[in-house]
Protein chains: 2
Amino acid sequence: MLSGPPSKIAVALFSGFQALDVFGPLDALNILSYTNPLELYLLSTTLDPVSTIPVKTPSPGAIGQRLVPTHTYQDAPKDIEVLLVPGGRGTRDLELTEPVVDFIEATFPSLRFLLTVCTGSALAARSGVLDGKNATSNKLSFEWVMRQGPNVKWVRHARWVQDGNILTSSGVSAGIDMIYAFIADQYGEEAASQVATVSEYTRNTDSTNDPFDKAA
Amino acid sequence: MLSGPPSKIAVALFSGFQALDVFGPLDALNILSYTNPLELYLLSTTLDPVSTIPVKTPSPGAIGQRLVPTHTYQDAPKDIEVLLVPGGRGTRDLELTEPVVDFIEATFPSLRFLLTVCTGSALAARSGVLDGKNATSNKLSFEWVMRQGPNVKWVRHARWVQDGNILTSSGVSAGIDMIYAFIADQYGEEAASQVATVSEYTRNTDSTNDPFDKAA
């Protein structure tokens, strides 16, 4: 059995992922990796760069960025310990995100932790792994997300929710608070505090402190 | 003369840029662009993907991501209105960042706004455009940054500083608060508030509220 904090982390990418859902958590992990060596796999259906702009119905004048994946879902390493699933407009494309949903379902049994940000929890819900579990999601998309997983115990008022080895966060920026909670839990509060100081980030350390529930 | 809020935005990339310095501001601009059409140029010395891991002295076990640029510094569009310069470990590589410094110097006279995040202000300082101006930077690197621009009026205690058409932010996450201030100023408080609600981001709207000055 593996012990100690996890070191092999994967991110499930798809067209139309939300940039900050990925780079909020990853920037903290990038900094952490200077003192706690990590491995990172960026997964997509192909090795082509993945855009934050969704394939379907892109808005004219919408800007985006393209991130280079390291592996395909088909050829993903088998030793992934932590899988991070972002949200974003692309999650509304049920056909495009089918490979992501299938990958979550197939990989979950061997994961140590599953983390979702924003509407990434809709993808996890569709895979069935959230059934019977407490989970949260983006406040502005909450009703749509709930319909993707009718058997999930959706928690509206939460910055993030941990249920066993599954952490789900509320919208976009909430992923940053979730990753700090995860770092504190797995790598120690000192490591989390150090990364936050380097990042000049004021953490929300209370998972029940959700300033955006009222905005829904 | 151009009027109205700016729409043509460029980011000056280099190996070893800090991911959140770029994607904190850009994610907010990505969301803004759905209601306020924008154009984005991601600049680098070549069109090869640019890594967040610095070329020199990468730490073993350090993870990073690769972003695809859209233009080279040499072939950058001439109509850039806003130039965003991130920081990161790569700023310590004076030779590698020389093209960035040269580009800032050459482009600044035709810019409407120059924005820097974290040690990005060290690159702007080296270009000379901050001479005689108020500016800030990352708290943990402040002494090094000050040495890059001895004629700059460095302001230690600041989340961000605006001096005319130049906005400089403190470390990493501070760039997010700076971009919201910029969006509020140029696109209106309603737009800034809407983007923050979508992002579930609690803004620090007071540029003099710097919780990390004491950490230095």
Side-chain angles (χ1 to χ4, degrees), chain A residues 7 9 11 18-24 26-40 42 49-53 59-70 88-89 118 138-140 159 169-176 196-202 204 210-212 215, chain B residues 7 9 11 18-24 26-40 42 49 51-53 58-70 88-89 118 138-140 159 169-176 196-202 204 210-212 215:
Chain A
S7 65
I9 295 163
V11 180
Q18 188 75 29
L20 197 60
D21 291 15
V22 167
F23 286 101
L26 281 189
D27 195 71
L29 293 173
N30 287 351
I31 295 169
L32 178 72
S33 73
Y34 279 93
T35 48
N36 293 261
L38 300 174
E39 283 182 65
L40 178 68
L42 299 173
V50 187
S51 177
T52 60
I53 298 180
S59 179
I63 59 170
Q65 300 78 44
R66 297 196 305 148
L67 176 61
V68 182
T70 63
R89 286 170 182 252
C118 196
N138 183 298
K139 292 304 162 312
L140 292 177
R159 186 69 172 162
S169 91
S170 188
V172 194
S173 307
I176 303 178
T197 299
V198 170
S199 300
E200 299 193 20
Y201 183 71
T202 302
N204 175 349
D210 180 5
F212 294 92
Chain B
S7 65
I9 294 162
V11 181
Q18 188 75 28
L20 197 60
D21 290 15
V22 168
F23 285 102
L26 281 189
D27 195 71
L29 294 173
N30 287 350
I31 295 170
L32 178 72
S33 73
Y34 278 94
T35 48
N36 293 260
L38 300 175
E39 283 183 67
L40 179 68
L42 298 173
S51 177
T52 60
I53 298 179
S59 179
I63 59 171
Q65 300 78 45
R66 296 195 304 149
L67 176 61
V68 182
T70 63
R89 285 169 184 252
C118 195
N138 183 297
K139 293 302 162 313
L140 293 178
R159 186 69 173 164
S169 90
S170 188
V172 194
S173 307
I176 304 179
T197 298
V198 170
S199 300
E200 300 194 17
Y201 182 72
T202 302
N204 175 349
D210 179 6
F212 294 92

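Naming convention: chains lettered A, B, ... in sequence-line order (proteins, then strands); numbering from 1 in each chain. Just so it is clear, the structure is predicted and the values come from calculations on it, not from any experiment.
For chain A, the nearby parts of N138(B) are the backbone and the side chain; heavy atoms of each come within less than 4.5 Å. V198(A) touches chain B through backbone and side chain together, each having a heavy atom under 4.5 Å away. Only the backbone of A196(A) comes within less than 4.5 Å of a heavy atom in chain B; its side chain stays farther off. For a residue to count as touching a neighbouring chain, one of its non-hydrogen atoms must lie under 4.5 Å from one of that chain's; by this rule L29(A) touches chain B with backbone and side chain alike. Using a 4.5 Å cut-off between heavy atoms, L38(B) touches chain A through backbone and side chain atoms alike.
In this structure, I53(B) CD1 and Y34(A) OH are separated by 6.5 Å, a value rounded to the nearest 0.5 Å. Here CG of L20(B) is found 10.5 Å from CG of L26(A). Values are rounded to the nearest 0.5 Å. Rounding to the nearest 0.5 angstrom, the gap separating the OG1 atom in T52(B) from the CD1 atom in I31(A) is 10.5 Å.
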Working note: L40(A) + Q65(B), criterion side chain to side chain contact (heavy atoms under 4.5 Å, CB included); need CA distance, chi angles, decisive distance, verdict. CA-CA 9 Å; L40(A) 178 68; Q65(B) 300 78 45; 3.2 Å; yes
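The two residues S33(B) and A62(A) have their closest heavy-atom pair at OG-CA, 3.2 Å. When every heavy atom of S173(B) is checked against every heavy atom of S199(A), the shortest pair comes out as OG-O, 2.8 Å.
Looking at F212(A) and T202(B), their side chains come closer than 4.5 Å, going by heavy atoms from C-beta outward. The closest side-chain heavy-atom distance from R66(A) to T70(B) is not below 4.5 Å. Side-chain contact check for V68(B) versus L67(A): every heavy-atom pair is 4.5 Å or farther apart. Taking the side chain as every heavy atom from C-beta outward, D21(A) and D27(B) never approach each other to under 4.5 Å.
Residues E200(B) and S170(A) have side chains that bring a donor and an acceptor to within less than 3.5 angstrom of each other.
For the set V172(B), I63(B), N204(B), the count of heavy-atom pairs under 4.5 angstrom toward chain A peaks at I63(B). Counting heavy-atom pairs closer than 4.5 Å to chain B, the top residue among G171(A), A28(A), S51(A), S59(A) is G171(A).
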